[in-house]
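The figures that follow rest on heavy atoms only: side chains count, while hydrogens, waters and symmetry mates do not. Position 1 is the first residue of the sequence; numbering continues from there. Note that the structure is a prediction, hence the values are computed from the model and not measured.
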Amino acid sequence: MSRKIAGFLIILGAFMIFEWVNLGFNLADGHPTSFYVVHGILIAVNIILAVVLGIIGWRGLRGSREKGVTGRTGDAG
C-alpha cells in the first residue's frame, strides 16, 4: 500500500469519527426512542468502520516505512 493511500485512510477514519460523534451530540430531544436506537446503531457501526480504516491505514503506513516502499509497485525488469 502506498503512503498516500495509507495517509488517506487515516485521515478518513479520523474525519468519520469526528463527524459521527458530532452528530451524536447534536441529536435534538423530542424524538421517539426508535429514532435514537437507529441513529445510535448507525453511529456505532460507522465509528467501528472508521477505527478499522484507521488501523489499516496505520499498518500500511508503518509497513511502507519498514520496507522503504515509495509507492511503486513491481519491478521494471
Side-chain angles (χ1 to χ4, degrees):
M1 175 183 309
S2 72
R3 293 183 65 176
K4 287 183 181 180
I5 293 174
F8 174 75
L9 290 176
I10 292 170
I11 291 170
L12 179 64
F15 176 75
M16 286 175 64
I17 289 173
F18 172 76
E19 282 296 315
W20 284 98
V21 169
N22 191 24
L23 173 75
F25 284 120
N26 287 330
L27 291 176
D29 292 335
H31 293 283
T33 304
S34 60
F35 175 84
Y36 294 112
V37 170
V38 169
H39 282 81
I41 292 170
L42 286 172
I43 291 168
V45 168
N46 278 287
I47 287 176
I48 290 169
L49 287 173
V51 169
V52 169
L53 287 175
I55 290 170
I56 292 170
W58 181 255
R59 287 183 179 175
L61 188 64
R62 193 176 64 192
S64 68
R65 285 183 181 170
E66 289 175 0
K67 295 179 183 177
V69 176
T70 59
R72 296 182 183 172
T73 57
D75 286 335

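- Hydrophobic clustering places Val38 together with Ile47 (ILVMFWY residues linked when any side-chain heavy atoms are closer than 4.5 Å, directly or through intermediates).
- Within the structure, no pair that satisfies the ring-ring contact (aromatic ring centres under 6.0 Å, His included) test touches residues 41-62, not counting sequence neighbours.
- Put simply, CE on Met16 and CD1 on Ile48 are 11.0 Å apart, with the number rounded to the nearest 0.5 Å.
- For the atom pair Leu49 CG and Ile17 CD1, the distance stands at 10.5 Å (nearest 0.5 Å).
- A single hydrophobic cluster is not seen to contain both Val52 and Phe15; linkage of ILVMFWY side chains at heavy-atom distances under 4.5 Å, directly or through other members, places them apart.
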I'd like to know whether Asp29 forms a side chain to side chain contact (heavy atoms under 4.5 Å, CB included) with Tyr36, so could you lay out the CA-CA distance, the side-chain angles of the two residues, the decisive distance to 0.1 Å, and finally the verdict.
CA-CA 9 Å; Asp29 292 335; Tyr36 294 112; 4.2 Å; yes
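- When the side chain to side chain donor-acceptor pair (under 3.5 Å) test is applied to Asn22, the partners found at least two apart in sequence or on another chain are Asn26.
- Looking at residues two or more places apart in sequence or on another chain, you find no ring pair (Phe, Tyr, Trp, His ring centres under 6.0 Å) involving Phe18.
- Heavy-atom contacts from other residues, nucleotides or ligands closer than 6.0 Å to CZ of Phe8 number 12 or fewer.
- Between Phe35 and His31, the ring-plane angle classifies as parallel under the 30° and 60° cut-offs.
- Leu27 and Trp20 end up in the same hydrophobic cluster when Ile, Leu, Val, Met, Phe, Trp and Tyr side chains are linked at under 4.5 Å.
- A distance of 11.0 Å separates CD1 of Ile55 from CD1 of Ile10, quoted to the nearest 0.5 Å.
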